[in-house]
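Note on naming: letters A, B, ... go to the chains in the order of the sequence lines (proteins, then strands), and numbering restarts at 1 for each one.
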Amino acid sequence: MLTEDFSELENLRLEKMLQLRQNGIEPYPTRSYKNSSNADAIKAFEAHEAAGEAEALKLTLAGRLRAIRHMGKLSFAHIEDRTGKIQLFMRINEVGQDKLDEFVRYFDLGDFIEATGTMVRTKRGEVTLQVEDFRMLSKALYQLPAAKDEVVDGEIVRHAALTDPETRYRQRYVDLAVNPEVREIFRIRAEVVRGLRKFLDSRGFLEVETPILQPIYGGAAAKPFTTYHNQLHQELFLRVSFELYLKRLLVGGLDRVYEIGRDFRNEGVSFKHNPEFTQLEFYMAYADYNTIMDMTEQMISEVAQEVLGTMIVNFNGHEIDLTPPWNRLQIRQGLIDHAGIDIQDYPTAADLEEVLKARQISFKPGTPRGKLINLLMDTYLEPILIQPTFLYDYPRDISPLAKAKPEDPSTVERFEGYIGGMELCNAFTELNDPLDQEKRFLELGRAYAEDDEERNPMDEDFLRALAYGMPPAGGFGIGVDRLVMMLTGQHSLREVILFPPLREEE
RNA sequence: GGGCGCGUAGCUCAAUGGUAGAGCAGCGGCCUUUUAAGCCGUUGGUUCAGGGUUCGAGCCCCUGCGCGCUCACCA
């Protein structure tokens, strides 16, 4: 039972709750009659004051008790709701001895209270509700971590705030309840997603939903989570990307589609990796990767401007300017400039292996050429791509769904966007030649034959769809969590995911 | 999975191998315009768990658990 291992403090609160009930006061009443948010109350009073209204402004407010200051025959308190804090001022003159005693005896920090009274301004100038009546809305049996805000030169300094990451993530409700800046991150996150939708909707894109449970996973080289459907007697995979389903929709005539949803990859966790993460993918017929590059920098900068009111963000210790146009760096040229290697001079994996060995970059034997190039990019390019940069023209063998460049069959029209040294998005001119696509699947099957889990299985139905004809198109994918992380200047994905995965307790 | 680090009161943190402490929160008292309210008094500990070394372990050793950082992994 919950109360079994209650501490002394918790038992005290439990006792208060039970006593209230004994006195005929329900500590968890069904309804509240709050008729204004805290912020609206302050706004309304200021307008009232400015208009010189003689009549008092009477309101019923409610929220969580965040500070209590008893002063003998009067009490001050702050309550907090979704819109912020407001001060309550309670005098024996208005509420009487019994109610004041009730407040002092039974109300604790963290409880939800409803108070009715008139709006006033205190001697110190704070807009305050002078309470005439109040009641318990919800008694908190556990105490929230003590956190006191001090205003120093207009800056809010919080004392003894909850910072332990395990408690913060495991009991996110506590984190949110006491750390307003955490709430702010998730408000921004919601607005970012809304901004992305608005950008795409206004350009004629259709938002769709495709299966999360899939008989064949694909669209990314990632290890899937597996599950089982009892009635169908079928093994199913949680999707690792939306790509193959969204491109089927291009075949079906939905020329511009996008999906925002969860992808699942059964892999390690890091500051920029989470086993489930939110992805935005869009596909645009009659576009190519150049079109998509332009759109990407527009979309991200517009969303930043709209949500943050600026295109300058601080991330990873750098001031980053999202204003278009972004840098564009061809991979081959980038490696010539920053590594002194022209990959064109090393047409086979064996050739490149010598280069990596000479530079003491470790790799697994049998690594395909494209992956070796990727290692060079990780070493020489990714860390220096601080300001927004499109890295483009990828090796064909690590891009099985992208279309090759007409003049160079070993290279595909693909780019990734990097900001603050972190990969943010991935896009390409989509491969729409069904026979070429089949060949790529087969090549990939060979390349990954030894590593069963990473093998990208052949999707026969996807090939069948392509064989009906898919318009030329550009496609795009972005990690929404990473985008929010960058826009909010957070150093870890966990700070922008409400309930990040943790090992089970006990 | 490997390496490194951390785990002490509800929260934030102290404590040479020698009686486990502070601030805030809590509890009692004073206080009719406070706001990190203040003043006086006071409660609160399986030091993550289990073993070991030692006359004696929060501290040293081992194992386990959890968290963080990092490497690997992640086209």
(message) Between A/R170 and A/E504, does any NZ, NE, NH1 or NH2 come within less than 4.0 Å of an OD or OE carboxylate oxygen?
(response) no

(request) Calculate the interatomic distance between A/L352 atom CG and B/A75 atom P; express it in whole Å. (result) 19 Å

(request) If B/G5 has a Watson-Crick or G-U wobble mate with both distances under 3.5 Å, name it; if not, just say none. (result) B/C67

(message) Given B/A25, B/A75, B/U33, identify the nucleotide with an atom nearest to the side chain of A/L9.
(response) B/A25

(message) Under 4.0 Å, heavy atoms only, any strand: does A/L12 hit a base, just the sugar-phosphate, or nothing?
(response) sugar-phosphate

(request) With P as the reference atom in both, quote the distance from B/G44 to B/G3 in angstrom, rounded to an integer. (result) 43 Å

(message) If we ignore hydrogens and angles and just use 3.5 Å, is the side chain of A/T3 paired with the main-chain N or O of A/F6 as donor and acceptor?
(response) no

(request) Remember a base hit wins even if backbone is also touched, and classify A/N93 as base, sugar-phosphate or nothing at under 4.0 Å, heavy atoms. (result) base

(message) When the P atoms of B/U54 and B/U12 are compared, how many Å lie between them, rounded to an integer?
(response) 37 Å

(request) Using the P atom on both, measure B/G38 against B/U19 and round to a whole Å. (result) 33 Å

(request) Look at the side-chain N and O atoms of A/R503 and state whether any lies under 4.0 Å from the OP1 or OP2 oxygen of B/C67. (result) yes

(request) To the nearest Å, give me how far apart CG (A/L162) and P (B/A9) are. (result) 14 Å

(message) For B/A14, give the paired nucleotide (Watson-Crick: N1-N3 plus N6-O4 or O6-N4; G-U: N1-O2 and O6-N3; both under 3.5 Å), or none.
(response) none

(message) Starting the side chain at C-beta, find the nucleotide from B/U32, B/G44, B/A37 nearest to A/E8.
(response) B/G44

(message) Using whole Å, what does the distance between atom C1' of nucleotide B/A36 and atom NZ of A/K148 come to?
(response) 5 Å

(request) Ignoring the backbone of A/Q143, work out which of B/A25, B/U35, B/A75 is nearest its side chain. (result) B/A25

(message) Mind checking if A/R494 touches a base, just sugar-phosphate, or nothing, with heavy atoms under 4.0 Å?
(response) sugar-phosphate

(request) Without swapping roles, check the side chain of A/R265 against the backbone of A/V240 for a donor-acceptor pair under 3.5 Å. (result) yes

(request) With the side chain of A/R69 defined as its heavy atoms from C-beta on, choose the nearest nucleotide among B/A75, B/C31, B/U35. (result) B/U35

(request) For B/C24 and B/U43, measure between their P atoms and round to the nearest Å. (result) 15 Å

(message) Which residue is it: A/M90, A/E94, A/M119? I am looking for the one with a side-chain contact (heavy atoms from CB on, under 4.5 Å) to A/Q130.
(response) A/E94

(message) Whole angstroms only, please: what is the NZ-P distance between A/K272 and B/U70?
(response) 10 Å

(message) Can you tell me which nucleotide in B/U12, B/U33, B/C27 comes closest to the side chain of A/T122?
(response) B/U33

(message) Looking only at the side chain of A/L74 (C-beta and beyond, no hydrogens), which of the listed nucleotides B/U33, B/U35, B/A75 gets closest?
(response) B/U33

(message) Between A/K139 (side chain only) and A/Y106 (backbone N and O only), is there a donor and an acceptor less than 3.5 Å apart?
(response) yes

(message) Measure CG/A/L100 against P/B/U34 and give the value in whole Å, please.
(response) 17 Å

(request) Please work out if A/G268 contacts a base, only the sugar-phosphate, or nothing of the nucleic acid, heavy-atom cut-off 4.0 Å. (result) base

(message) Any side-chain N or O of A/R124 below 4.0 angstrom from OP1/OP2 of B/U33?
(response) no

(request) Using the C1' atom on both, measure B/U47 against B/A14 and round to a whole Å. (result) 13 Å

(message) Distance check needed: B/U34 C1' versus A/K85 NZ, whole Å only.
(response) 15 Å

(message) Let me spell it out: for each of A/P165 and A/R13, pick the nucleotide of RNA chain B with the closest heavy atom. Which residue's pick is nearer the 5' end?
(response) A/R13

(request) Using the C1' atoms only, state how far B/C11 lies from B/G18, rounded to an integer number of Å. (result) 30 Å

(message) What contact category does A/F89 fall into here, base, sugar-phosphate, or nothing, at under 4.0 angstrom with non-hydrogen atoms?
(response) base

(request) In whole angstrom, give the distance that lies between atom CG of A/D164 and atom C1' of B/U12. (result) 11 Å

(request) Could you tell me whether A/D393 and A/K405 make a salt bridge, using a distance below 4.0 angstrom between a side-chain N and a carboxylate O? (result) yes

(message) Strictly below 4.0 Å, N to O, side chains only: are A/D459 and A/K247 in salt-bridge contact?
(response) no

(message) Quick check for you: among B/U32, B/G66, B/A25, whose closest atom lies nearest to any side-chain atom of A/L109?
(response) B/A25

(request) Select one nucleotide: of B/A36, B/U43, B/A75, the one nearest the side-chain heavy atoms of A/L401. (result) B/A75

(message) Measuring from the side chain of A/L502 (C-beta onward, heavy atoms only), which nucleotide among B/U34, B/A36, B/G68 has the closest atom?
(response) B/G68

(message) Measuring only the C1' atom in each nucleotide, how far is B/A57 from B/A20? A whole number of Å is fine.
(response) 12 Å

(message) Any base atoms under 4.0 Å from A/E150, or only sugar-phosphate, or nothing? Heavy atoms, all strands.
(response) base

(message) Using a strict threshold of under 4.0 Å (side-chain N to carboxylate O), is an ion pair present between A/K16 and A/D108?
(response) yes

(request) Quick one: look up who B/A72 pairs with, Watson-Crick or G-U, both distances under 3.5 Å, and put none if it's unpaired. (result) none

(message) Looking at B/U54, which nucleotide sits across from it as a Watson-Crick or G-U wobble partner, both distances under 3.5 angstrom, or is there none?
(response) none

(request) Check whether any side-chain nitrogen or oxygen of A/T163 sits under 4.0 Å from OP1 or OP2 of B/U12, and answer yes or no. (result) yes

(message) Could you check whether the side chain of A/Q87 and the base of B/U34 have a donor-acceptor pair of N or O atoms closer than 3.5 Å, going by distance alone?
(response) yes

(request) Send over the distance from A/D149 CG to B/C24 C1', rounded to a whole Å. (result) 13 Å

(request) Determine: side-chain N/O of A/R170 to OP1/OP2 of B/C67, distance under 4.0 Å, yes or no. (result) yes

(message) Taking the nucleotide of RNA chain B with the nearest heavy atom to each, does A/A77 or A/R265 sit closer to the 5' end?
(response) A/A77

(message) I'd like to know if A/R66 and A/E80 make a salt bridge, using a cut-off of under 4.0 Å between side-chain N and carboxylate O.
(response) yes

(request) Rounded to whole angstrom, note down the P distance from B/G45 over to B/U8. (result) 16 Å

(message) Taking only side-chain N and O atoms of A/K16, does any of them lie within less than 4.0 angstrom of OP1 or OP2 on B/C27?
(response) yes

(request) Return the nucleotide paired to B/C30: Watson-Crick means purine N1 to pyrimidine N3 with N6-O4 or O6-N4, wobble means G-U with N1-O2 and O6-N3, both under 3.5 Å. (result) B/G38

